[in-house]
Number of protein chains: 2
Amino acid sequence: MKIFYICKSQQKNMGAKITLKKIAKELGVSTSTVSKALSDSHEISVETREKVKAFAKMYNYKPNSLALRLRNQRSMVIGVIIPEIVHHFFSTVISGIEHGANERGYNVMVCFSDESYQKEVLNIEMLAGGSVDGFLVSIAKETQELSDFRHFEDLKEEVPLVLFDRVHPKINCDKVVVDDFGGGYKATEYLIKTGCKKLAIITTPDFVSVGLERKKGFLKAINDYNIAVPSEYIIQVNEKNDITAQIQKVINLPDRPDGIFAVNEIYAATAMKLAQDKGIKIPEEMSFIGFTDGYISQFSNPSLSTLAQHGHEMGEKAIELLINRIESKDSDFPFQTKVIDVDLKIRNSTKKTF
Amino acid sequence: MKIFYICKSQQKNMGAKITLKKIAKELGVSTSTVSKALSDSHEISVETREKVKAFAKMYNYKPNSLALRLRNQRSMVIGVIIPEIVHHFFSTVISGIEHGANERGYNVMVCFSDESYQKEVLNIEMLAGGSVDGFLVSIAKETQELSDFRHFEDLKEEVPLVLFDRVHPKINCDKVVVDDFGGGYKATEYLIKTGCKKLAIITTPDFVSVGLERKKGFLKAINDYNIAVPSEYIIQVNEKNDITAQIQKVINLPDRPDGIFAVNEIYAATAMKLAQDKGIKIPEEMSFIGFTDGYISQFSNPSLSTLAQHGHEMGEKAIELLINRIESKDSDFPFQTKVIDVDLKIRNSTKKTF
DNA sequence: TATTAACACGAAATCGTTTTAGTGTTACAC
DNA sequence: GTGTAACACTAAAACGATTTCGTGTTAATA
């Protein structure tokens, strides 16, 4: 018997993958017997069970997951669509998603919309045909600009959807967002309390949900502390054009600000470099606070004060909501929106004393 | 007829997904007819074809991709395993892979080994059971340290494998690597030519393939130009301990180097900050060159000279090799190793004049 | 000796497709 | 009137698993 196995096993590289059917044939039993034996069913005699298991192990049998999924009507795969991957924050979110998914036995399939509406729709269509049990999406900028969310509506009828970071009130589903408003407020308040009088903001156009919220937080603080902000202190960067040129304007202003809140790392670091190039002393003459605690903030010089976003936590929260939704029998419990706190991380681009 | 459709279509949210079988039942034809009608087979009358297609569209029918894959014995999915995602270089590679894959109709499934041997094996097992048509892997550090590659050997019998960036000569398969040796040489040569006399290197332990190659390049240049490098100028960072403390040693040396080549951005930026803290003038008193042209290099101050790695290109090359391997009938054409060039990008952490 | 329970296994349905090999009807030519 | 070609469609197998429902054999019990 042993020899027989070894003999056969030498052929394993030749043919295609080993299946239940092939094992059954070789052993002269039915596929049902093999299946049951492998799952240690008491329906099958111990003798047969051992024989089958030994054989399966020898051939390195692994059940075909496609067949399994088809039968179980479950793919155990989560589709994730993010705007871009070369981005510290999204990387951390993905890492959280992957971690949480694996913990509950799911796999993750990542696609990128490249901020394009077209690619977002395409990706969803590609993954929707039974490939995934649920979607985790952060909306592309173009989609936000177009404000066309039909693809999400269609999707929701088939499979659960959780939106994270870039969300929209029109879409009714579970959501996980960063406390963008609170972050904007905290940053601005800190600048004010450390003595900045002339506050500027470098943000995105209003259709970018997170940019808008951060700006609102800024504006609220400005208002609460009775500070006037001239319109030229509010820069809304259009990424289709030269970013540096747009940011430079506020730095070059004759009556320039002494505190700048930027809604992301890149804007903050770019602005700070521009200021340094003009010989402006940081933080004494100009303070900076960014958003996202990535490598740019850590390694810029001076290191950037910023709002840490806890992307990993956001990913874990999002996948938790999604899997709960997938696995719940009565799927009509109300949708919820989780807000992830942000931490103000003070480094050297801001003053320390109040 | 029209009314009938509308009537039914209102129920579509209720039941599960629409399938060929259901369409067939509703229309009173066989599933084969529906299948053929949808693929515009001339076996089916124009009348029936139109009817089926209209119905399918109304119900927003999408073929179940699991069933398709099972039948076609192809998943059209590529499994990618990288050591970590929160990493600029790997992000760019992923983006290249995704781009190339989509172009040829494949999807990408990304998993992370977190530099752990265990997780690498687990991920491969998870994806190997028919889920993916091929693997793209960058080896985890722990796996390199353990030098245990049986999981890859087993894998290769079932499905093609392409290794990228972190490779190993023991594994016989297609590979794509960066010209790490050449990069190390170029960097060192540049430092020498701009007047540095005392050259140090901050690198990884030798089991990290890319670190070793970069060090070899450094050593070759040192040798070619007849420069002596004392052993305390060669720092091999053990990431299990405090990185900063290890790097600090070479900066604090009484007879300190005037040119430092670091094998990644983080080491370079960390070293540079440490030097700045000591009041050392950069690049006049100490020059720095890193590896990987990420955000850290761009936004550090002074901005870091570095070797740009072209991760996107590497990803595209890797996926191309893999898909060619998957789609070729005679799969025994010889394995190849592609080397991606690196570009020395001079910024402000090095001297300009020769 | 007849009945029944336990045991060990197999047949067939199922998941959603595609594809090959029929099948029945009509129409036309001889 | 018969043979056959075209037409329009269906049945069934296949992909690889699981699971429900049988079924045949043996052994124990009445």
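Keep in mind that what you see is a predicted model, and the values were worked out from it rather than measured. Just so it is clear: chains get the letters A, B, ... in the order the sequence lines come, proteins before strands, and each one is counted from 1.
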Minimum heavy-atom distance between B:G130 and A:S65, given as atom pair plus value: C-OG, 4.2 Å
Contact under 4.0 Å: A:S45 side-chain N or O vs C:dC7 OP1/OP2: no
Residue list, ring-ring contact (aromatic ring centres under 6.0 Å, His included) with B:Y117, at least two apart or on another chain: B:H151
Check: B:I78 main-chain N/O paired with B:D133 side-chain donor or acceptor under 3.5 Å: no
Under 4.0 angstrom between B:T48 side-chain N/O and D:dC9 OP1 or OP2: yes
Pairs meeting criterion salt bridge (Lys or Arg N to Asp or Glu O under 4.0 Å) with involvement of residues 54-67 of chain A, two or more places apart: none
A:T33 side chain near C:dA8 phosphate (N/O to OP1/OP2, under 4.0 Å): no
Sugar-phosphate or base contact per nucleotide [nucleotides 11-20 of chain C; S, B, -; heavy atom under 4.0 Å]: BBBBBBBBBB
Spacing between A:L38 atom CG and D:dG16 atom P, to the nearest angstrom: 16 Å
Whole-Å distance separating the CZ atom of A:R69 from the C1' atom of D:dT18: 16 Å
Side chain to side chain donor-acceptor pair (under 3.5 Å) against B:Q144, all qualifying residues, sequence neighbours excluded: B:S209
Gap separating the CG atom of A:N64 from the CZ atom of A:R69, nearest 0.5 angstrom: 9.0 Å
Terminal axis angle for the helix from C:dT1-D:dA30 to C:dC30-D:dG1, five pairs an end, nearest 10 degrees: 90°
Nearest heavy-atom neighbours spanning A:M314 and A:V176: CE-O, 3.4 Å
Quick one: side chains of residues 105-113 of chain A, donor-acceptor pairs under 3.5 Å with protein atoms, not counting sequence neighbours, listed by atom name and distance.
| residue | atom | partner | partner atom | Å |
| --- | --- | --- | --- | --- |
| A:Y106 | OH | A:R74 | NH2 | 2.6 |
| A:Y106 | OH | A:E327 | OE2 | 2.9 |
| A:S113 | OG | A:E115 | N | 3.4 |

Spacing of A:I23 atom CD1 relative to D:dG16 atom C1', expressed in whole Å: 11 Å
